**Student:** 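Below you'll find the structure I mean.
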Amino acid sequence: MQPPADAIERAAQLSDALHAHGHRYYVLDAPTVPDAEYDRLFSALQALERAYPSLKTADSPTQRVGASPLTSFAQVTHQVPMLSIRTETDTSAEGAKAFDLRIRKELDIPPDAPPVDYAVELKFDGLAMSLRYEEGVLVCAATRGDGAVGEDVTANIRTVGQVPLRLPPGAPSVLEVRGEIYMARPDFERLNERQLQAGQKLFANPRNAAAGTVRQLDSGIASSRPLRFFAYSLALMQGRDVPPPARTHYDSLERLRGWGFPVCAWTRVVSGADGLVHFHNDVNAARDTLGFDIDGVVYKVNALDLQRQLGFVSREPRWAVAHKYPAQEALTTVEGIDIQVGRTGKLTPVAKLSPVFVGGVTVTNATLHNEDEARRKDVRVGDTVVVRRAGDVIPEIVSIVPERRPPGAEAFLMPRQCPVCHSVALRFEDEADYRCTGGLVCGAQRKEAITHFASRKAMDIEGLGDKLVELLVDTNRVKDLSDLYRLRAEDLARLPRMAEKSAQNVIHALEASKQAQLPRFLFGLGIRHVGEATAKALVRHFGGLDAIMDAPEEALLAVDDVGPVVALSLRTFFDQPSQRDMVRQLRELGLHWQESEPQASRESLALNGLTLVLTGTLPTLSRDEAKALLEAQGAKVAGSVSKKTSYVVAGAEAGSKLEKAQALGVAVLDEAGLMALLAGNP
Ligand code: IVH
């Protein structure tokens, strides 16, 4: 049925509006209407086209959603062959100079003549596409193929928002534009996420994803995968409205931009070899922030008359060159998986690789981070792996090549022992890392552990800071904690930057520390999850060190503040002969402390059974301090007042809690009253 005139007009209006919004959204990245408005116009046009199918033209915005599947692609002979570019093999800055020299030589430009102008662009890592427009409408999108004959992938390319389906009035009646179809990194990652969830195969990289999408026979699938486009050359203009020829390549790109094609913002004109080198460096520095992959930059002689003069060698123009960067990914094999122990005892699996040159350096190691990461990547000794090193980033293993796995390769298992000191390695619930429990007995943790032992809240050994510890360990004067107490002032005075006086002071401080406080000593051992408060609670509960060292887990659990994690940590620590031996040696060297009667539990504490509520601001104690004092004597501190509350401690600006206490007849104390209670005379 022939559509009525108003339907034709309405469809044209909708189509114009959608083209304009689409250009602003996809190409300029500056939409002027909300997505919902675009969707509304789009549905309206779809409805009209359903009612009057003859309105559905090839350049209708509705065609971006994909057409019916094809059985094969038609072949397209390119009217202008699609060339390739020579690649400069020297990936250093010198490569750019070599190109400039060649150009000057070919053009017979004397050394003292002004520099040549170059249009410089990114070398997009996608696939080349030729777009043909007739009478302002996209009629064919073709792959490069062998350069002479490609494949007709128009249905798929129509789904790409950045490819204009229609040109503005005034564009030449026949136009061929060349450029790159690619997939942006974030889009690629989202696509792979979707593939994973749908149980479908993952794409190795954005280039493969783009190529796979362009070669989809079902353009419905293509429309669901976010491709993008950059124009990089104007191949042909014919027929009506052909403008006077541009003088430079850059001008021709500006024209393309004017007709609605996306031209990459990095495209610019530079002068001579220096300009090329600068551009190569600038792009290298920005490479990881581009949001899409490139595999180098492209230099093109800007003046079109010079391009004609330079001409071609076989299928490559003499006036252009691709200047790459050192590859960021390479294949190598895993020779072993080592475990590194950090200063704080963290165990990190590190893959030892056959040396491979990638990202400009030779890589021999790649971290596997932790057990979960290593399992997720399932890297095994003997595996062939893809290693990536981008910019200054630490090299990492991207993936393994499953088909190259040698038979019998065993899954990686995190060791349960520290490779340095053979102490037990533990991974606590909710933590990602295994940690060596050796602490002071572990060579890898020696410096960190001794510094902690000497620190103010632990043994408080003045003058024994991290610099001195570093020096003592590095010069092999201190191999373990007991060596500290064997130091003589003469040994110290011989160290660089150590005055005799300060050497003496350190020896005195060490001597003084032998008269220790048990909670500080226990905290100083650096047992994971045993902080100051827990150390105090343990000492209060057990009275002496031997009782703590020998307490079974159930007994440890009876201590306030000690849960299963702390109990496991303590038990593991003191079950190791090396730790017990260290304690024995320290005692032999004269370390001692006062021990007390065990206070088996809360029941024996003075304020056991009392519940207090704190409110308002006390004159000298903070709320945390008051709470700690009360809890240390077995009292409970609650948040709200009830009949069961023993006392309300009220400070300045006490509000409703004080009122409630008064209403219920609960006793009220001020700070002085609280102190009296704590001192045992309420
Ligand atoms: S110009 C006469 N410019 O590189 C030169 N090509 O071998 C024709 N490519 O697969 C190509 N970025 O798709 C040109 N800014 C750029 C490019 C670029 C990527 C690709 C192109 C083709 C290969 C050329």
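Every value quoted in this text rests on a predicted model; they were computed, and no experiment measured them.
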**Student:** Is there a donor-acceptor contact under 3.5 Å linking the side chains of D624 and S622?
**Tutor:**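 No - no donor-acceptor pair under 3.5 Å links their side chains.
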
**Student:** Quick one: pull up CE in M459 and CG in L510 and give me the separation to the nearest 0.5 Å.
**Tutor:**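 M459 atom CE to L510 atom CG measures 9.5 Å (nearest 0.5 Å).
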
**Student:** Check the side chains of Y26 and R228 for a donor-acceptor pair under 3.5 angstrom, ignoring hydrogens and angles.
**Tutor:**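 There is no such pair between these side chains.
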
**Student:** How close do L586 and L481 get, counting heavy atoms only, and between which atoms?
**Tutor:**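 Between these two residues, the closest heavy atoms are CD1-CD2, 3.7 Å.
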
**Student:** Looking only at heavy atoms, which two atoms of D550 and R571 are closest? And how far apart?
**Tutor:**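 Nearest heavy atoms, D550 then R571: C-NH1, 3.8 Å.
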
**Student:** Which atom pair, heavy atoms only, marks the closest approach of S640 to T645?
**Tutor:**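 Smallest interatomic distance, heavy atoms only, reads O-OG1, 4.0 Å.
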
**Student:** Within the 4.5 Å heavy-atom criterion, are L196 and L202 side-chain neighbours or not?
**Tutor:**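 Yes; the side chains approach each other to less than 4.5 Å.
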
**Student:** Donor-acceptor pair, distance only, cut-off 3.5 Å: does the side chain of E595 make one with the backbone of L545?
**Tutor:**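 Indeed, once roles are kept as given, a pair shorter than 3.5 Å links the two residues.
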
**Student:** Find the distance between NE2 (H422) and OG (S578) and round it off to the nearest 0.5 Å.
**Tutor:**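 Atom-to-atom, H422:NE2 and S578:OG are 10.5 Å apart.
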
**Student:** In this structure, which one of R580, R584, R587 forms a salt bridge (Lys or Arg N to Asp or Glu O under 4.0 Å) with D546?
**Tutor:**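 Of the listed residues R580, R584, R587, the salt bridge (Lys or Arg N to Asp or Glu O under 4.0 Å) partner of D546 is R587.
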
**Student:** Quick one: does K636's side chain get under 4.5 Å of L612's, heavy atoms only?
**Tutor:**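 The answer is no; the side chains never approach within 4.5 Å.
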
**Student:** Nearest 0.5 Å please: distance from the NE2 atom of H452 over to the CG atom of D466.
**Tutor:**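 Going from the NE2 atom of H452 to the CG atom of D466 covers 14.0 Å.
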
**Student:** Under 6.0 Å from the OH atom of Y25, do we count more than 12 heavy atoms belonging to anything else shown?
**Tutor:**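 No - once you tally the heavy atoms of other residues, nucleotides and ligands closer than 6.0 Å, there are 12 at most.
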
**Student:** Quick one: does D575's side chain have a donor or acceptor within less than 3.5 Å of a partner on T572's backbone?
**Tutor:**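 Checking the backbone N and O of T572 against the side chain of D575, no donor-acceptor pair under 3.5 Å is found.
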
**Student:** Nearest 0.5 angstrom please: I339 CD1 to K346 NZ, how far?
**Tutor:**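 I339 atom CD1 to K346 atom NZ measures 11.5 Å (nearest 0.5 Å).
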
**Student:** What closest approach, in Å, do Q576 and V424 show between heavy atoms, and which atom pair accounts for it?
**Tutor:**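 Taking Q576 first and V424 second, the nearest heavy atoms are OE1-N, 2.9 Å.
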
**Student:** Taking all heavy atoms of A209 and all of L191, pick out the closest pair and write down the distance.
**Tutor:**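 Looking at all heavy atoms of both residues, the shortest contact is CB-CD2, 4.2 Å.
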
**Student:** If you draw a 6.0 Å radius around CD in Q594, do more than 12 non-hydrogen atoms from other residues or ligands fall strictly inside?
**Tutor:**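 No, not enclosed.
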
**Student:** Any chance you could measure K377, atom NZ, to D372, atom CG, to the nearest 0.5 Å?
**Tutor:**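 K377 atom NZ to D372 atom CG measures 12.5 Å (nearest 0.5 Å).
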
**Student:** Report yes or no: does Q340 contribute a side-chain atom to a donor-acceptor pair with the main-chain N or O of P349 at less than 3.5 Å?
**Tutor:**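 Judged by distance alone, no pair lies under 3.5 Å.
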
**Student:** Which atom names give the shortest non-hydrogen contact between R185 and P206, and what distance separates them?
**Tutor:**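 Scanning both residues completely, I find the closest heavy atoms to be NH2-CD, 3.7 Å.
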
**Student:** Using the side chain to side chain donor-acceptor pair (under 3.5 Å) rule, collect all pairs that involve residues 651-674, keeping only residues at least two apart or in two chains.
**Tutor:**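 Listed once each, the pairs are T620-E671.
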
**Student:** Is it the case that the side chain of R520 and the backbone of R456 share a donor-acceptor pair, with hydrogens and angles ignored and the cut-off at 3.5 Å?
**Tutor:**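 Here the side-chain-to-backbone pair exists.
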
